[in-house]
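Notes follow the structure.
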Amino acid sequence: MDLNNAALPKLPIAAPSYDRGSVGVGIAHIGAGHFHRAHQAMYIDRLLEQGVARDWGICGVGVLPADWPMRDVLRDQDGLYTLIQQHPDGSRDARVIGSIIDYRYAPDDPEAALEVMAAPSTRIISLTITEGGYRDPDGPAFGLITEALARRRDRGIAAPTILSCDNIESNGQVARRVVLANAECRDPGLAEWVAEHTRFPSSMVDRITPSTTPEMAAAVQRDFGVADRWPVLTEPFAAWVIEDCFGAGRPPLEQAGALLVDDVVPYEMMKLRLLNAGHQCLCYFARLCGFKFVHDAARDPSFVEFLLAYFDSEAIPTLAPVPGIDLHDYSRTLIERFANPGVGDTVARLCAYSSDRIPKWLFPVICDNLENDGPVRLAAAVVASWARYAEGVDERGEPIEVVDQLADSLVPIAQSQYENPTAFIEIALFGDLAHQPRFVQAYRWALDSLHRNGARATLEALLR
């Protein structure tokens, strides 16, 4: 059965019971990809199903040329898609999500996208643009936001809340700096207006969501009888912790399971240094050992022991207490989540764009431990595993596709480390790590072991 509004009453799986035609746009979301559709859109759908938040429907905004397939799918499916929750025991839950009620593709029609973002009814502009998007303040996302804010000011429309939903530390503050810099270049008066009226709450988002594949779409058709060209597969776990700092109202997200707090920092530090850095601890060793899927590596006893050792001895000691959460219990839950075979998350996905990820997730753990005389041996070995992976050849001599915006420079540097063992950590990403003797000693030992003995033997030696 094709997925569209007309099919809703006849679908064989759970679907919106609310009248989507009565839902107004309150949120314009930049980057409506698979994570947004597994996470924020799901929370809004929950509220709509409860009969609340009718003014908080989502208009997705595509800004990149690669977003055109999403444009076509959401247009043809009336914004509907299937969300599959895959449980560790193999069971699955399926629901059609209806909270995305419009979609604007800025490369085709920037005016249409801007007018949604500048509309008085749009009170939140949220964004999921990945870590690299913040390094390009002149990129399309922040250009659109700045223009929309300028139009609102000129028309006497209240400023919206800009809500970041990305895996970066203090994402609200980062977004504020980038928007203000853009506004200052355009018009200092606009920058003053934004600084006075616009709120930029930080948030922590957490849900493991692999990229959609054609096989996922075929499985939804086969198993649920729904012809969905771009479903989303995810784990049962979901968390959203949001700084309760909104300037123009907000939906009652706490009724959907989100946590509204005064300070997001302890929660985001927990997630970045445990879940996100834990993925990095696993993925390069896993790729070098020949693993394709995350769950296979996360069920290997040596990998489990290595991850738990990193969590307990190096990461958790750098974290402040997190209200309501036992960090050791949380870290054990992470192993269970990583090992969920139904999610089918790939090692290649975790290895991609490492130059964005390692500096934000693992590097702070290393720096804190160096400053406080804490252990760095395991984290140094993770950096060495990335350096070995970045050589672009595995232990069997087969090529590795290094997916990274800095790949053209990283790969030759990694390949030079046989002659200069610290070449990789001398790049600017690592600050002064190449001049920290304690780190360098641990790093050089691990890199030498990776070259001489291989990833499996190195991992096991680290645990002895």
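Atoms NE2 and CG, from His295 and Asp300 in turn, are 12.5 Å apart once rounded to the nearest 0.5 Å. From Leu180, atom CG reaches atom CZ of Phe200 across 5.5 Å, with rounding to the nearest 0.5 Å. Between the CG atom in Leu80 and the CD1 atom in Ile101 there is a gap of 11.5 Å [rounded to 0.5 Å]. Rounding to the nearest 0.5 Å places OH of Tyr81 at 5.0 Å from CD1 of Ile97. The structure places CG of Leu327 at 5.5 Å from CG of Leu319, a figure rounded to the nearest 0.5 Å.
Shown here is Arg396, whose CZ atom has more than 12 heavy atoms of other residues, nucleotides or ligands within 6.0 Å. When the shell of 6.0 Å around CG of Asp408 is examined, it contains 12 or fewer heavy atoms from other residues, nucleotides or ligands. Within a 6.0 Å sphere centred on CZ of Phe246, heavy atoms belonging to other residues, nucleotides or ligands number more than 12. Shown here is Gln50, whose CD atom has more than 12 heavy atoms of other residues, nucleotides or ligands within 6.0 Å.
Under a 4.0 Å N-O distance rule, the pair Asp345/Lys292 does not qualify as a salt bridge. A salt bridge links Arg95 with Asp45: the closest approach of a Lys/Arg side-chain nitrogen to an acidic carboxylate oxygen falls below 4.0 angstrom.
Here Thr213 pairs with Glu215 under the side-chain hydrogen bond (donor to acceptor under 3.5 Å, both in side chains) rule; sequence neighbours left out. Remark: Arg287 pairs with no residue by the side-chain hydrogen bond (donor to acceptor under 3.5 Å, both in side chains) rule, at least two apart or across chains. Applying the side-chain hydrogen bond (donor to acceptor under 3.5 Å, both in side chains) test to Asp262 and every residue at least two apart in sequence or in another chain returns nothing. When the side chain to side chain contact (heavy atoms under 4.5 Å, CB included) test is applied to Thr333, the partners found at least two apart in sequence or on another chain are Arg337.
Asp404 places a side-chain N or O within 3.5 Å of a backbone atom of Ser355 that can act as its donor or acceptor partner. With hydrogens and angles disregarded, no donor-acceptor distance shorter than 3.5 Å links the side chain of Thr318 to the backbone of Val365. Between the side chain of Ser409 and the backbone N or O of Leu406, at least one donor-acceptor pair lies under 3.5 Å. Side chain of Thr128 to backbone of Asp166: no donor-acceptor contact under 3.5 angstrom is found. At least one donor-acceptor pair under 3.5 Å links the side chain of Asp67 to the backbone N or O of Val63. With His39 contributing its side chain and Ala239 its backbone, the two residues share a donor-acceptor pair below 3.5 Å.
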Name each donor-acceptor pair under 3.5 Å that joins a side chain in residues 301-312 to protein atoms two or more places apart or in another chain, with its distance.
from   : atom 1 : to     : atom 2 : distance (Å)
Tyr310 : OH     : Arg273 : O      : 2.9
Asp312 : OD1    : His328 : ND1    : 3.1
Asp312 : OD1    : Arg332 : NH1    : 2.8
Asp312 : OD2    : Arg332 : NH1    : 3.4
Asp312 : OD2    : Arg332 : NH2    : 2.8

Kindly list each side-chain donor-acceptor pair under 3.5 angstrom involving residues 375-388, sequence neighbours excluded, with atom names and distances?
from   : atom 1 : to     : atom 2 : distance (Å)
Arg377 : NH1    : Leu462 : O      : 3.0
Ser385 : OG     : Val382 : O      : 2.6
Arg388 : NH1    : Glu391 : OE1    : 3.3
Arg388 : NH1    : Val393 : O      : 2.7
Arg388 : NH2    : Val393 : O      : 3.2

Passes salt bridge (Lys or Arg N to Asp or Glu O under 4.0 Å), Arg199 versus Asp244? Steps please.
-> CA-CA 10 Å; Arg199 299 292 177 265; Asp244 198 358; over 6 Å; no
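Ring geometry for Phe363 versus Phe430: interplanar angle over 60°, hence perpendicular rather than tilted (30 to 60°).
For Gln77 against Trp230, the heavy-atom pair with the smallest separation is OE1-N, 4.4 Å. Between Ala298 and Ile335, the shortest heavy-atom contact is O-CG2, 4.2 Å.
Residue His279 is tested with Tyr284, Phe338, Tyr353, Trp361 for a ring-ring contact (aromatic ring centres under 6.0 Å, His included); the sole match is Phe338.
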